[in-house]
A.B. asks: 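Dropping the structure in here first, questions after.
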There are 2 protein chains.
Amino acid sequence: MNEEEKKFLKRVGFNIAKQRKDKGFSQLDLCSIIKMEKSNLSSIENGRQNVTSLTLLKISKAIGVKVNLFFE
Amino acid sequence: MNEEEKKFLKRVGFNIAKQRKDKGFSQLDLCSIIKMEKSNLSSIENGRQNVTSLTLLKISKAIGVKVNLFFE
DNA sequence: TCAAAGGTTATGATATATCATAACCTTTGA
DNA sequence: TCAAAGGTTATGATATATCATAACCTTTGA
């Protein structure tokens with residue numbers, strides 16, 4: 001994974017965390033709604049993991065934002 | 001995978017194919033640029049595969065569009 | 001027409017996302 | 001302060017994205 005890709009995943013993770021907090025959800029809240037491991041969500045929000053489309057869909061539905069916002 | 005998720009992947013795949021064609025790339029062109037198997041790209045464009053963020057980044061860079069467009 | 005380019009489907013291998021669990025660190029509110 | 005809530009990191013298991021290859025189907029332009 002090159003630097004640009006690392007940056008990209010960090011940005012996506014940051015955006016997910018921002019939207020989640022703005023909507024008033026803790027990681028634990030969100031994980032229990034979408035049945036995801038909290039270790040996993042942490043990795044995604046910190047840009048350590050290459051999150052898949054379906055996981056983005058689940059998160060976006062749970063917190064009520066468009067998937068688009070994760071790629072701003 | 002539920003129906004909504006299937007629909008979502010089909011939409012993402014359709015959008016990728018549309019942007020690719022609009023920009024004048026064949027599947028083979030795009031695959032050779034990003035070093036992806038054509039079987040793979042076909043699966044993604046047909047919504048049979050849960051494409052990852054990094055693959056979306058690679059595609060978007062190669063054809064010169066924003067990742068956002070794949071989630072419209 | 002039909003050959004070439006483009007795309008699909010199948011199969012087995014490999015890499016990695018996610019699960020499951022646990023220990024630990026950090027933040028926050030009383 | 002400090003206990004509880006929230007978040008991070010590590011490890012091994014499982015599911016699946018992607019690779020590699022091949023055969024085949026579809027579209028298109030001469």
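Chain naming here is simple, since letters A, B, ... match the order of the sequence lines and numbering starts at 1 in each.
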A.B. asks: Between B/R20 and B/E45 (salt bridge meaning N to carboxylate O under 4.0 Å), is one present in this structure?
C.D. replies: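 Judged by the 4.0 Å cut-off on N to carboxylate O distance, B/R20 and B/E45 do form a salt bridge.
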A.B. asks: To the nearest Å, how far apart are A/D29 CG and D/dG6 P?
C.D. replies: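 In whole Å, D/dG6 P and A/D29 CG are 6 Å from each other.
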A.B. asks: What's the CD-C1' distance between A/E45 and D/dG7, to the nearest Å?
C.D. replies: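 Answer to the nearest Å: 9 Å.
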A.B. asks: Would you indicate whether the side-chain heavy atoms of A/L69 and A/K18 approach each other to under 4.5 Å?
C.D. replies: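 In short, these two side chains do not touch, never coming nearer than 4.5 Å.
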A.B. asks: Any side-chain heavy atom of A/S42 sitting closer than 4.5 Å to one from A/Q27?
C.D. replies: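 They are in contact (side-chain heavy atoms under 4.5 Å apart), so the answer is yes.
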A.B. asks: Please determine whether side chain to side chain contact (heavy atoms under 4.5 Å, CB included) holds for the pair A/V65 and A/F70, giving the CA-CA distance in whole Å, both sets of side-chain angles, and the decisive distance to 0.1 Å.
C.D. replies: CA-CA 9 Å; A/V65 303; A/F70 303 148; 3.8 Å; yes
A.B. asks: For a 4.5 angstrom cut-off between non-hydrogen side-chain atoms, does A/L56 reach A/I16?
C.D. replies: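 Yes, at least one pair of side-chain atoms sits under 4.5 Å.
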A.B. asks: Could you tell me whether the side chain of B/L9 reaches within less than 4.5 Å of the side chain of A/S53, counting heavy atoms only?
C.D. replies: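 Sidechains of B/L9 and A/S53: in contact.
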A.B. asks: Looking at residues at least two apart in the chain, or sitting in another chain, which of them share a side chain to side chain donor-acceptor pair (under 3.5 Å) with B/N15?
C.D. replies: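 Checked B/N15 against side chain to side chain donor-acceptor pair (under 3.5 Å); zero matches.
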A.B. asks: At what angle, to 10 degrees, do the two end axes of the helix from C/dT1-D/dA30 to C/dA30-D/dT1 meet, given five pairs define each axis?
C.D. replies: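 Rounded value for the end-axis angle: 60°.
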A.B. asks: Any chance you could list the contact pattern along nucleotides 11-30 of chain D? Use B for base contacts, S for sugar-phosphate-only contacts and - for none, protein heavy atoms under 4.0 Å, 5' to 3'.
C.D. replies: ------SBBBB-B-------
A.B. asks: According to a strict under-4.0 Å criterion, is B/N46 in side-chain N/O contact with OP1 or OP2 of C/dG7?
C.D. replies: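 Looking at the OP1 and OP2 atoms of C/dG7, neither is under 4.0 Å from any side-chain N or O of B/N46.
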A.B. asks: Below the 4.0 Å mark, does D/dA5 have OP1 or OP2 next to a side-chain nitrogen or oxygen of A/Q27?
C.D. replies: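 Checking D/dA5 against A/Q27, no side-chain N or O comes under 4.0 Å of OP1 or OP2.
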A.B. asks: In terms of side-chain geometry, is the basic nitrogen of A/K7 or A/E4 positioned less than 4.0 Å from the acidic oxygen of its partner?
C.D. replies: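 A salt bridge is absent here (no side-chain N lies under 4.0 Å from a carboxylate O).
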